[in-house]
Amino acid sequence: MRILITNDDGIRAPGICALAERLAERAEVLVVAPERQQSAASHGITLHKPLHVTPVEIAPGVTAYEVNGTPADCVKLALGALCPDQPDIVVSGINEGANLGLDILYSGTAAAAAEAALLGLPALAVSLTAAPFEFAAGVRVTERLAEEILRRKLAENTFLNVNVPPG
């Protein structure tokens with residue numbers, strides 16, 4: 001299985017690192033994420049400045065790149081240039097803080113998953129709803145949902161936005 005992971009909290013956020021490390025135990029993982037926090041970036045893309053891609057180390061056995069752009073930029077770059085093979089699924093997260101109701105209109109986490117869905121890939125946006133942020137629980141939920149999504153197939157241009165409560 002090939003998984004593309006991104007987020008809006010930045011490449012060094014604890015949620016993306018925990019997720020990448022765990023999923024790399026069972027899948028081929030590529031991480032392409034913003035170099036810095038991009039919360040509330042919505043579905044913005046970069047038009048008037050060059051995008052730079054830099055390899056970084058975030059977890060053993062994980063190929064990772066930071067991008068000086070938005071979460072949607074990261075997905076576009078990954079799928080258009082950085083992925084040697086198309087991923088089976090795109091996971092955005094694990095985000096610190098809920099993406100509920102109208103929040104998803106502003107969420108870079110949800111926008112990254114939406115970009116993948118618009119490009120024809122199954123996608124999942126995962127957020128933890130409240131502190132203390134327990135990434136282990138978010139990782140377990142993400143693993144199970146990714147397996148189910150791949151087994152059952154999502155409708156075209158569809159992504160799931162999942163909020164994991166504490167405990």
Are the side chains of L105 and S42 in touch, meaning some heavy atoms are under 4.5 Å apart? no

Show which side-chain atoms of residues 155-165 pair as donor or acceptor with protein atoms under 3.5 Å away, not counting sequence neighbours.
{"from": "T158", "atom 1": "OG1", "to": "A155", "atom 2": "O", "distance (Å)": "3.0"}
{"from": "T158", "atom 1": "OG1", "to": "E156", "atom 2": "O", "distance (Å)": "3.3"}
{"from": "N161", "atom 1": "ND2", "to": "N99", "atom 2": "O", "distance (Å)": "2.8"}
{"from": "N163", "atom 1": "OD1", "to": "N99", "atom 2": "N", "distance (Å)": "2.8"}
{"from": "N163", "atom 1": "ND2", "to": "N99", "atom 2": "O", "distance (Å)": "2.9"}

Out of curiosity, I3 CD1 to L23 CG, how far, rounded to the nearest 0.5 Å? 4.5 Å

Checking Q86 now: which residues fulfil side-chain hydrogen bond (donor to acceptor under 3.5 Å, both in side chains) with it, not counting sequence neighbours? none

Which residue pairs satisfy the salt bridge (charged side-chain N to carboxylate O under 4.0 Å, His left out) criterion with at least one member in residues 13-23, sequence neighbours excluded? R22-E25, R22-E143

Is the backbone of A110 close enough, under 3.5 Å, to the side chain of S92 for a donor and an acceptor to pair up by distance? no

Pairs where residues 118-130 contributes a residue and the test salt bridge (charged side-chain N to carboxylate O under 4.0 Å, His left out) is met, not counting sequence neighbours: none

According to a hydrophobic-cluster definition based on side-chain heavy atoms being under 4.5 Å apart (Ile, Leu, Val, Met, Phe, Trp, Tyr only), do V32 and L51 belong together? yes

From I149 atom CD1 to R144 atom CZ, the distance as rounded to the nearest 0.5 Å: 13.0 Å

Write out all pairs satisfying salt bridge (charged side-chain N to carboxylate O under 4.0 Å, His left out) with one or both partners inside residues 122-135, taking only residues at least two apart or from two chains. none

Other residues, nucleotides, ligands: >12 heavy atoms within 6.0 Å of R2 CZ: yes

Please enumerate all residues that pass side-chain hydrogen bond (donor to acceptor under 3.5 Å, both in side chains) together with D8, with sequence neighbours excluded. T109

Atom of A33, atom of I16 and distance for their closest heavy-atom approach: CB-CD1, 3.8 Å

Who pairs with L150 by side chain to side chain contact (heavy atoms under 4.5 Å, CB included), at least two apart in sequence or on another chain? M1, D88, I89, P122

Starting from Y106, can I reach I104 by hopping between I/L/V/M/F/W/Y residues whose side chains sit under 4.5 Å apart? no

Filter on salt bridge (charged side-chain N to carboxylate O under 4.0 Å, His left out), then keep only pairs touching residues 60-69, sequence neighbours left out; what's left? R12-E66

Ignoring hydrogens, what is the shortest heavy-atom contact between C83 and L30? Give both atom names and the distance. SG-CD2, 3.3 Å

For a quick test of reading the model, state the closest non-hydrogen atom pair linking I58 to C17 and the distance between them. CB-SG, 4.1 Å

State, to 0.1 Å, how close A123 and A113 come at their nearest heavy-atom pair, and which atoms those are. CB-O, 3.3 Å

Correct closest heavy-atom pair for I94 and V139 would be CD1-N, 3.5 Å

According to a hydrophobic-cluster definition based on side-chain heavy atoms being under 4.5 Å apart (Ile, Leu, Val, Met, Phe, Trp, Tyr only), do Y65 and V56 belong together? no

Among I11, N7, N68, find the one that has a side-chain contact (heavy atoms from CB on, under 4.5 Å) with P34. N7

Once you round to the nearest 0.5 Å, how far does CD1 of I5 lie from CG of L124? 10.5 Å

Tell me, please, which residues at least two apart from R151 pass side-chain hydrogen bond (donor to acceptor under 3.5 Å, both in side chains). E148

For residues 71-82, please give each side-chain donor-acceptor pair under 3.5 Å, one per line with the distance, not counting sequence neighbours.
{"from": "D73", "atom 1": "OD1", "to": "T46", "atom 2": "N", "distance (Å)": "2.9"}
{"from": "D73", "atom 1": "OD2", "to": "T46", "atom 2": "N", "distance (Å)": "3.3"}
{"from": "D73", "atom 1": "OD2", "to": "T46", "atom 2": "OG1", "distance (Å)": "2.4"}
{"from": "D73", "atom 1": "OD2", "to": "T70", "atom 2": "N", "distance (Å)": "2.9"}
{"from": "D73", "atom 1": "OD2", "to": "T70", "atom 2": "OG1", "distance (Å)": "3.2"}
{"from": "K76", "atom 1": "NZ", "to": "E115", "atom 2": "OE2", "distance (Å)": "3.0"}

Could you work out, with side chain to side chain contact (heavy atoms under 4.5 Å, CB included) as the rule, every residue matching E96, not counting sequence neighbours? D9, P14, F133, F135

Between T142 (side chain) and G138 (backbone), is there a donor-acceptor pair under 3.5 Å? yes

Note: G97 and S127 closest approach over all heavy atoms is O-CB, 3.2 Å

same_hphob_cluster(V91, L154) at 4.5 Å side-chain heavy-atom cutoff: yes

